[in-house]
Amino acid sequence: IEVIAAAQRALDTHGAGLSSVRFICGTQDIHKTLEQKIASFHEREDSILYASCFDANAGIFEALLTPEDALISDELNHASIIDGVRLCKAQKHRFKHMDMADLEEKLKQVSSARMKMIVTDGVFSMDGDVAPLGDICDLADKYNALVFVDECHATGFFGKTGRGTEEYLGIRNRVDIINSTLGKALGGASGGYTTGPKEVIQLLRQKSRPYLFSNTLPPPVVASASKVFDLLMAKSDLTARVAANTTLFRTRMTEAGFKILGSNHPICPVFLEDARLASDFAEEMLEKGIYVIGFSFPVVPKGKARIRVQLSAVHTTEDVNRCVDAFIEIGKRKGVIH
């Protein structure tokens, strides 16, 4: 209610949109305020807003890296990272998913590069697994590399106060550059951002094409995200509720015999392997008033279909238990569990 009210007030005071990019007439006081809040929340020096995190990922690597540089990316990074990497002229390498030995080997191969950047998701959305950021940062220190993390599936709800993977792993402030979204836990409308050193942000304002050539974020979107940051920085009861719901769901489902992928993250993929099974299972869940989605090829590899369940702070304990009960009932009927 508070978030919606903030958006409604901004619509009255600042308008529906500015019909402009940021550097012409697309910057209002609320845009600057939101960027300050983002930097403060992440304990970074500065931040820059984009129309989406897809744009943030599309605009960063080309702006920062040259042919003399090297970029090393996790093989399962999000599609927006992959597309952003394609746009830059740096030497490009992929390391096996969360494989630190392979990452170190790739770092050795690019030792002569002017600048080296390790690129990873903080949380991988299809599997719900958490990148070993501590180990990645240790390797970055050893080989003098920068660390870039996409936190779209962590910011606002993961970690004790919602500050994401760094906080969850107890390594706050070790990552150099963070990209994230306003389109999930931070208002849920649209928008993305980059936060990090002031010099990096200043360079992006001059060179990042999605920032330079895309309309600015609409004032209601800015205001709703700004209100969410206010709520997160004031108290952490919402993130605590998400964590409790996650633990309840994962514990009960595992005890019932389901295979739940990933770490203790609110993205809870229920692994079923067969695509038709996942689709039919999800449809039967919907008949019981529970909306979950079956994922299969080409979104995930063949033979690795799953139903992705996403827990949030608005779910009550009763909601979570009803969901698990439905999974158990349908799972037994379909022979998934016994």
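Along the sequence shown, residues carry numbers from 1.
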Asks: Check each of H153, H97, H78 against F124 using the ring-ring contact (aromatic ring centres under 6.0 Å, His included) test, and report the only one that passes.
Replies: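 Considering H153, H97, H78, a ring-ring contact (aromatic ring centres under 6.0 Å, His included) with F124 is found only for H97.
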
Asks: Check whether S208 reaches the backbone of G59 with its side chain - one donor and one acceptor, N or O, closer than 3.5 Å.
Replies: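 At least one qualifying donor-acceptor pair exists.
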
Asks: Taking T13 for the side chain and R9 for the main chain, is one N or O donor matched with an acceptor at less than 3.5 Å?
Replies: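 Yes, because the side chain of T13 sits within donor-acceptor range (under 3.5 Å) of the backbone of R9.
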
Asks: Linking I/L/V/M/F/W/Y whenever their side-chain heavy atoms sit closer than 4.5 Å, directly or via other members, would L71 and I82 fall into one cluster?
Replies: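 Cluster IDs for L71 and I82 differ.
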
Asks: Between the side chains of Y211 and T194, is a donor N or O closer than 3.5 angstrom to an acceptor N or O?
Replies: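 There is no such pair (donor and acceptor under 3.5 Å, judged by atom type) between the side chains of Y211 and T194.
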
Asks: Using side-chain contact (heavy atoms from CB on, under 4.5 Å) as the criterion, point out the one residue from E151, H42, R44 that pairs with V175.
Replies: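 Filter result, single survivor: R44.
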
Asks: Among the clusters formed by ILVMFWY side chains lying less than 4.5 Å apart, do Y193 and V3 turn up in the same one?
Replies: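 Same hydrophobic cluster.
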
Asks: With the side chain counted from C-beta on, respond yes when I136 and V147 share a heavy-atom pair under 4.5 Å apart, and no when they do not.
Replies: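 Side chain of I136 against side chain of V147, heavy atoms only: contact under 4.5 Å found.
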
Asks: What about I177 and V119, same hydrophobic cluster or not, with Ile/Leu/Val/Met/Phe/Trp/Tyr joined at side-chain heavy-atom distances under 4.5 Å?
Replies: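 Yes, I177 and V119 fall within the same hydrophobic cluster.
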
Asks: By the ring-ring contact (aromatic ring centres under 6.0 Å, His included) test, which pairs, at least two apart or in different chains, include something from residues 316-338?
Replies: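 Applying ring-ring contact (aromatic ring centres under 6.0 Å, His included) to every pair that reaches into residues 316-338, excluding sequence neighbours, yields F258-F327, F281-F327.
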
Asks: For the residue pair F295 and K304, establish whether any side-chain heavy-atom pair is separated by less than 4.5 Å.
Replies: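 They are not in side-chain contact.
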
Asks: With the threshold set at 4.0 Å, does a side-chain nitrogen-carboxylate oxygen contact exist between R172 and E43?
Replies: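 Salt bridge present between R172 and E43.
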
Asks: Does anything in residues 324-338 form a salt bridge (Lys or Arg N to Asp or Glu O under 4.0 Å)? List the pairs, not counting sequence neighbours.
Replies: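 Of all non-adjacent pairs touching residues 324-338, those that pass salt bridge (Lys or Arg N to Asp or Glu O under 4.0 Å) are R252-D325, E284-R333, E284-K334, K288-E329, E329-R333.
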
Asks: Decide side-chain contact (heavy atoms from CB on, under 4.5 Å) for K259 and V270; before the verdict, give the C-alpha distance in whole Å, the side-chain angles of both, and the deciding distance to 0.1 Å.
Replies: CA-CA 6 Å; K259 181 179 180 180; V270 182; over 6 Å; no

Asks: Could you report the tightest heavy-atom contact between T246 and C268, atom names first, then the distance?
Replies: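 Looking at all heavy atoms of both residues, the closest pair is CG2-SG, 4.5 Å.
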
Asks: Output the distance between atom CD1 (I48) and atom CG (L204), rounded to the nearest 0.5 Å.
Replies: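 Reported value, rounded in 0.5 Å steps: 5.0 Å.
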
Asks: Hey, are E199 and R205 close enough for a salt bridge, meaning a charged N less than 4.0 Å from a carboxylate O?
Replies: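 Salt bridge absent between E199 and R205.
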
Asks: In terms of heavy-atom contacts, does CZ of R94 have more than 12 from other residues, nucleotides or ligands at under 6.0 Å?
Replies: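 No, because the 6.0 Å sphere around CZ of R94 holds 12 heavy atoms or fewer from other groups.
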
Asks: Rounded to the nearest 0.5 Å, how far does CZ of F41 lie from OG1 of T161?
Replies: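 Nearest 0.5 Å value for the OG1-CZ distance: 5.5 Å.
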
Asks: Salt-bridge test for E35 and R22: reply yes if a basic N is under 4.0 Å from a carboxylate O, no otherwise.
Replies: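 Salt bridge between E35 and R22, a charged N being under 4.0 Å from a carboxylate O: yes.
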
Asks: Rounded at 0.5 Å granularity, tell me how far CD in E105 sits from CD1 in I72.
Replies: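 One gets 10.5 Å once the value is rounded to the nearest 0.5 Å.
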
Asks: Find the distance between CZ (F271) and CZ (R306) and round it off to the nearest 0.5 Å.
Replies: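 Rounded to the nearest 0.5 Å, the CZ-CZ separation comes to 6.5 Å.
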
Asks: Do K106 and F95 form a cation-pi contact, if we require the NZ or CZ to be under 6.0 Å from the six-membered ring centre and within 45 degrees of the ring's axis?
Replies: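 Here K106 fails the 6.0 Å and 45° test against F95.
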
Asks: Hey, does N245 have a side-chain heavy atom less than 4.5 Å from the side chain of T247?
Replies: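 T247 does not reach N245 side chain to side chain.
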
Asks: Throw together a table of side-chain donor-acceptor distances under 3.5 angstrom for residues 215-229, partners on residues two or more places apart or in other chains.
Replies:
residue : atom : partner : partner atom : Å
T216    : OG1  : G26     : O            : 2.8
T216    : OG1  : H31     : NE2          : 3.2
S224    : OG   : P220    : O            : 3.2
S224    : OG   : V221    : O            : 2.9
S226    : OG   : K37     : NZ           : 2.6

Asks: Please report the closest heavy-atom contact between Y291 and L286, naming both atoms and the distance.
Replies: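 Between these two residues, the closest heavy atoms are CD1-CD1, 3.9 Å.
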
Asks: Measuring from atom OG1 of T317 to atom CZ of R241, what distance do you get when rounded to the nearest 0.5 angstrom?
Replies: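 The distance works out to 9.5 Å.
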
Asks: Would you say V200 and D176 make side-chain contact, with heavy atoms under 4.5 Å?
Replies: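 Side chain of V200 against side chain of D176, heavy atoms only: no contact under 4.5 Å found.
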
Asks: Keeping T195 on the side-chain end and D46 on the backbone end, is there a donor-acceptor pair under 3.5 Å?
Replies: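 Answer holds: yes.
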
Asks: Check ring-ring contact (aromatic ring centres under 6.0 Å, His included) between F157 and all other residues, then give those that pass, not counting sequence neighbours.
Replies: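 Partners of F157 under the ring-ring contact (aromatic ring centres under 6.0 Å, His included) test: H265.
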
Asks: Take D29 and K32 through the salt bridge (Lys or Arg N to Asp or Glu O under 4.0 Å) test and state the conclusion after the steps.
Replies: CA-CA 5 Å; D29 56 339; K32 292 183 176 180; over 6 Å; no

Asks: What residue pairs, at least two apart or across chains, pass side chain to side chain donor-acceptor pair (under 3.5 Å) with a residue in residues 135-150?
Replies: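 Every side chain to side chain donor-acceptor pair (under 3.5 Å) pair that includes a residue of residues 135-150, provided the two are not neighbours, is N57-D150, E104-K142, E104-Y143, D138-R174, D141-R174.
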
Asks: With side-chain contact (heavy atoms from CB on, under 4.5 Å) as the test, pick out the partner of I307 among L277, L272, I293.
Replies: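 The side-chain contact (heavy atoms from CB on, under 4.5 Å) with I307 is passed solely by L272 among L277, L272, I293.
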
Asks: Do the side chains of S73 and I81 get nearer than 4.5 Å, heavy atoms only?
Replies: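 Result yes, sub-4.5 Å side-chain heavy-atom pair found.
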
Asks: Return the CZ to CD1 distance between F148 and I178, rounded to the nearest 0.5 Å.
Replies: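 It comes to 9.5 Å.
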
Asks: Indicate the atoms forming the closest heavy-atom contact of G162 with E167, along with that distance.
Replies: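 Minimum heavy-atom contact is N-OE1, 3.3 Å.
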
Asks: Can a donor-acceptor pair be found, under 3.5 Å and without considering hydrogens, that links the side chain of D102 to the backbone of K96?
Replies: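 Checking the backbone N and O of K96 against the side chain of D102, a donor-acceptor pair under 3.5 Å is found.
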
Asks: Any chance you could lay out the salt bridge (Lys or Arg N to Asp or Glu O under 4.0 Å) test for K89 and E68, step after step, and finish with the verdict?
Replies: CA-CA 9 Å; K89 294 181 172 61; E68 299 176 350; over 6 Å; no

Asks: Within the distance-only criterion (no hydrogens, no angle test), does the side chain of S20 pair as donor or acceptor with the backbone N or O of C25 below 3.5 angstrom?
Replies: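 Yes, S20 side chain to C25 backbone: donor-acceptor pair under 3.5 Å.
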
Asks: Can you name the nearest heavy-atom pair linking S312 to V242, along with the distance?
Replies: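 Scanning both residues, the minimum pair turns out to be C-CG2, 3.9 Å.
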
Asks: Hey, does L232 have a side-chain heavy atom less than 4.5 Å from the side chain of T239?
Replies: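 They are in contact (side-chain heavy atoms under 4.5 Å apart), so the answer is yes.
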
Asks: Give the minimum heavy-atom separation between A278 and A305, together with the two atoms involved.
Replies: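 Taking every non-hydrogen atom into account, CB-CB, 4.0 Å.
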
Asks: Looking at N173, is its backbone amide N or carbonyl O close enough to the side chain of E166 to form a donor-acceptor pair, meaning the two atoms are under 3.5 Å apart?
Replies: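 A pair under 3.5 Å: yes.
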
Asks: Determine which pairs satisfy side chain to side chain donor-acceptor pair (under 3.5 Å) with at least one residue from residues 107-126, sequence neighbours left out, and list them in order.
Replies: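 Every side chain to side chain donor-acceptor pair (under 3.5 Å) pair that includes a residue of residues 107-126, provided the two are not neighbours, is D69-R114.
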
Asks: What heavy-atom pair brings A282 and G294 nearest, and what distance separates the two atoms?
Replies: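 Closest approach of A282 to G294: CB-N, 3.8 Å.
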
Asks: Does any part of the side chain of D83, heavy atoms only, come nearer than 4.5 Å to the side chain of F54, both counted from C-beta?
Replies: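 In short, these two side chains touch, coming nearer than 4.5 Å.
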
Asks: With a 3.5 Å distance limit and no angle check, can you tell me whether E45 reaches the backbone of K198 through a side-chain donor-acceptor pair?
Replies: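 It does hold such a pair.
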
Asks: Any salt bridge between R322 and D319, counting N to O under 4.0 Å?
Replies: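 Looking at D319 together with R322, the answer is no, because their closest N to O distance does not fall below 4.0 Å.
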
Asks: Do any N or O atoms from the side chain of Q91 and from the backbone of A113 form a donor-acceptor pair under 3.5 angstrom?
Replies: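 No; zero donor-acceptor contacts below 3.5 Å.
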
Asks: Could you check whether any side-chain heavy atom of V110 comes within less than 4.5 Å of a side-chain heavy atom of H93, counting everything from C-beta outward?
Replies: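 V110 vs H93: side chains touch.
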
Asks: Any chain of hydrophobic side-chain contacts (each under 4.5 Å) joining F249 to I290?
Replies: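 Shared cluster, yes.
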
Asks: Just checking, any donor-acceptor pair under 3.5 angstrom between side chains of D129 and S263?
Replies: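 No, S263 and D129 have no side-chain donor paired with an acceptor closer than 3.5 Å.
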
Asks: With a 4.5 Å cut-off on side-chain heavy-atom distances among I, L, V, M, F, W and Y, is there a chain of contacts connecting I260 to V292?
Replies: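 Yes, same cluster.
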
Asks: Within the supplied structure, the quantity of interest is the number of heavy atoms (other residues, nucleotides, ligands) at a distance under 6.0 Å from I4 CD1; does it exceed 12?
Replies: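 Atom CD1 in I4 is not packed in, count stays at 12 or less.
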
Asks: Have S180 and T155 got a donor and an acceptor in their side chains that come within less than 3.5 Å?
Replies: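 Yes, a side-chain donor-acceptor pair sits under 3.5 Å.
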
